[in-house]
Amino acid sequence: MFKAPRGTVDILPGEQAYWRYIEEKAETVCRLYGYQRVDTPAFEDAGLFTRSVGEGTDIVNKEMYIFKDRSDNELALRPEGTASVCRAYLEHGMDNLPQPVKLYYFADIFRYERPQAGRYRQHHQFGCEAIGEASPMLDAEVIQMALEFFKSLGMTQFTLQLNSIGCKQCRPDYLQKLKEYYAPLAPGLCDDCRARIVKNPLRLLDCKKPGCQAAAEAAPKSSEYLCEDCRDHFDALKTYMEALKIEYSINHRLVRGLDYYTKTVFEVQPLEGGSQSALGGGGRYDDLIGELGGKPTPAIGFATGLERIVLNLKDQGIEVPEQKKPAVFMACMGNSAKIVALKTASDLREAGISVIVAAGDRSLKAQLRQANSVGATYAVIIGDDEIKEGMVTLRNMVTSDQQVVDPEELKRILGTQE
RNA sequence: GUGAGUGUUGCCCAGAGGCCGAAGGCGCCAGGUUGUGGCCCUGGAGAACGAGGGUUCGAAUCCCUCCACUCACCCCA
């Protein structure tokens, strides 16, 4: 027997209510904020990701699904959403549209990781990107939008963490400061961290190892080494956040795992929950479009993991609307009844009424049992008696009222009941 | 890549060397009404107990190997 590959899951009909709910809320938020949907391919040139996400990151180093196709193109299943959207922005000349261009997406994301709670090899993200505007107003708006999205789902148990990691003007200086601070501490750090001092100093800050915690806690803070532009930007953002009454906490150790971020970075964390907890995150990436070959174009975005949202909704006991039940279940007995049932059903469907027709030769009892279990509001019963009269029996499954009606009348009767 | 746990019918799960040719619940199917659901009752189908090897007179139950899944670390959505 075949099984779904490791780290992948089937989202069965019984789960779909959560997914439809999330998608609907996401789309509502996007409409309110003026974002338009974009869909990009599930795989891209591998180089797109190595260049954007960064050579030194875990995602690129050990998590990408890379493969060569039959023409020897090196491709990768997308390990995140932003790079593809930026590629599409450039490829389709969206820099000629009024800026900023606001796009959202639902995408499956692939990372070769060890699966665990809330973490999969294929997962789904909803994300937004606002490309072509540098103002911190947009930062505030994007963050607000992310929070409004969670709130619209009924979620309340989460916090917002914020930081600024500077830009290419000020970050080199800050990294230098970090290195200087860490150099004498190196002997006491974990192996990973010793390597990070040279390779990726920013990552020193989010090491979870007990031995490195104290060092990270007392490390120089990026927000204290910002250039004037970055500082103004961060200050303005904080002002806007206060004006919007958005609560946040500054986390000096929040750095994010993708190299393209500049200035603002943020994460949404649930109040409690497992360690795979980040519900979403994002930040500004003012240099990315330029690095991909476009003219310098500032941008900001965020993404959320749908699997984690589903987990959270369940943990919080948040109810989602049930999926629509069929209006009519059509039971029939005998061969001529089958023909009438089929015809009647298509008539009703033409009128927009959902119908399930019992196929096969099961007893009426069995058919009605099924009508009950699929949650149909009505059963239409057709047998020899009805055929003789040219009528059908309409049974209300909720009240158990039953009447014999002309099939032509069904549409009218059912139409007004809905 | 590292560590821990688990692996019995579609699902949940009992079972701890012979009473297991595997129990129960849910679900499924059928019957209890000769054309009628939801409750109830009865019956039925469905598992050689992850795979392979070993110990033993005898293993779902003990040991080994492998595989899978889960959780945790790392990192992230």
Side-chain angles (χ1 to χ4, degrees), chain A residues 1 3-9 12 14 22 53 56-63 78-82 106-127 146 150 190-193 195-196 200 203 206-210 212 254-258 267-270 273-282 301-312 329 331-334 337 358 360 362-388 393-402 404:
Chain A
M1 282 265 270
K3 290 164 57 177
R6 175 143 218 224
T8 68
V9 291
L12 300 172
I22 294 167
V53 175
T57 60
D58 281 358
I59 290 180
V60 167
N61 282 346
K62 45 183 209 190
E63 295 177 0
R78 63 181 158 212
E80 62 107 33
T82 301
F106 291 96
D108 5 26
I109 302 293
F110 305 86
R111 293 182 197 168
Y112 188 82
E113 301 189 84
R114 207 63 184 270
Q116 61 184 285
R119 187 220 230 168
Y120 305 91
R121 289 186 174 177
Q122 178 184 18
H123 75 275
H124 299 78
Q125 290 188 3
F126 156 57
F150 292 122
C190 67
D191 292 348
D192 285 343
C193 280
R196 285 170 179 144
N200 201 341
R203 297 232 66 82
D206 67 358
C207 183
K208 309 291 195 304
K209 296 248 169 47
C212 307
L254 176 63
V255 295
R256 311 277 302 153
L258 294 82
E267 259 177 34
V268 179
Q269 298 278 351
S275 45
Q276 308 307 314
S277 51
L279 287 167
F302 84 95
T304 67
L306 303 197
E307 281 79 358
R308 288 186 187 174
I309 291 175
V310 171
L311 275 178
N312 192 281
F329 185 93
C332 51
M333 287 156 293
R362 304 209 292 168
S363 68
L364 180 59
K365 181 194 184 104
Q367 295 185 56
L368 285 178
R369 218 199 308 271
Q370 193 182 349
N372 189 62
S373 79
V374 300
T377 316
Y378 290 92
V380 169
I381 302 169
I382 306 167
D384 292 344
D385 298 352
E386 285 80 2
I387 302 267
K388 224 175 297 168
T393 297
L394 177 65
R395 179 178 181 81
N396 183 319
M397 295 297 285
V398 180
T399 62
S400 296
D401 291 336
Q402 193 165 300
V404 177

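Numbers restart at 1 for each chain; the letters A, B, ... are given by sequence-line order, proteins then strands.
Comparing the C1' positions of G35(B) and C13(B) gives an interatomic distance of 40 Å, to the nearest angstrom. Taking the P atoms as reference points, G3(B) lies 33 Å from A59(B), given to the whole Å. Taking the P atoms as reference points, A48(B) lies 28 Å from G5(B), given to the whole Å. Look at the C1' atom in both U2(B) and G10(B): the space between them is 35 Å, to the nearest Å. A51(B) and C57(B): their C1' atoms are spaced 26 Å apart (whole Å).
As the counterpart of U34(B), no nucleotide is assigned, since no Watson-Crick or G-U wobble pattern has both distances under 3.5 Å. Checking A22(B) for Watson-Crick or G-U wobble geometry (two distances, each under 3.5 Å) identifies no partner in any strand. Across all strands shown, G54(B) is found opposite C62(B) as a Watson-Crick or G-U wobble partner, with both distances under 3.5 Å. When both pairing distances are held under 3.5 Å, A45(B) makes no Watson-Crick or G-U pair with any nucleotide shown. If you check C39(B) for Watson-Crick or wobble pairing at under 3.5 angstrom, you find it has no partner at all. With a cut-off of 3.5 Å on both pairing distances, A14(B) has no Watson-Crick or G-U wobble partner at all. In this entry G5(B) has C69(B) as its Watson-Crick or G-U wobble partner, both defining distances falling under 3.5 Å.
In this structure the side chain of Thr304(A) never reaches within 4.5 angstrom of the side chain of Val268(A), judged on heavy atoms. A heavy-atom distance below 4.5 Å is not found between the side chains of Phe329(A) and Leu368(A). Side-chain contact check for Gln370(A) versus Arg362(A): some heavy-atom pair is nearer than 4.5 Å. The shortest side-chain heavy-atom distance between Tyr112(A) and Arg121(A) falls under the 4.5 Å cut-off. Within the 4.5 Å cutoff, the side chain of Glu386(A) has no heavy atoms near those of the Val404(A) side chain. At least one side-chain heavy atom of Ile381(A) sits under 4.5 Å from a side-chain heavy atom of Met333(A).
Taking atom CD of Glu63(A) as the reference point, atom C1' of C74(B) lies 9 Å away to the nearest angstrom. The interatomic distance linking Glu267(A) (CD) with C75(B) (P) rounds to 12 Å, in whole Å. The CZ-P distance, from Arg203(A) to C74(B), rounds to 11 Å in whole Å. Atom CD in Gln370(A) sits about 7 Å away from atom P in C29(B), given to the nearest Å. In this structure, the CG atom of Leu254(A) is 13 Å from the P atom of C75(B), given to the nearest Å. Regarding Asp58(A), its CG atom lies at a distance of 7 Å from the P atom of C75(B), rounded to whole Å. Phe110(A) has its CZ atom 24 Å from the P atom of C75(B), to the nearest Å.
With hydrogens and angles left out, the side chain of Glu113(A) and the base of A77(B) share a donor-acceptor pair within 3.5 Å.
Side chain of Arg6(A) to main chain of Tyr120(A): no donor-acceptor pair is present (N/O by atom type, distance under 3.5 Å, no hydrogens or angles).
With its glycosidic angle within 90° of 0, A48(B) adopts the syn conformation.
Under the stacking criterion of a centre-to-centre distance below 5.5 angstrom and an interplanar angle below 30°, His123(A) sits stacked against the six-membered ring of A77(B).
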Table of protein N/O atoms under 3.5 Å from nucleotides 66-70 of chain B N/O atoms:
| residue | atom | partner | partner atom | Å |
| --- | --- | --- | --- | --- |
| A68(B) | O2' | Lys3(A) | NZ | 2.8 |
| C69(B) | OP2 | Arg6(A) | NE | 2.8 |

Considering only nitrogen or oxygen atoms on both sides, find all protein atoms under 3.5 Å from nucleotides 5-12 of chain B and state each distance.
none

B/S/- along nucleotides 31-36 of chain B (protein heavy atoms under 4.0 Å) is SB--BB
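Checking each of His124(A), Arg119(A), His123(A) against Glu307(A) for a side chain to side chain donor-acceptor pair (under 3.5 Å) leaves exactly one that passes, namely His124(A).
Among the protein residues, Arg111(A) comes within range of the nucleic acid bases, having at least one heavy atom under 4.0 Å from a base atom.
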Inset, instruction - Any chance you could lay out the side chain to side chain contact (heavy atoms under 4.5 Å, CB included) test for Val9(A) and Gln122(A), step after step, and finish with the verdict? - result: CA-CA 8 Å; Val9(A) 291; Gln122(A) 178 184 18; over 6 Å; no
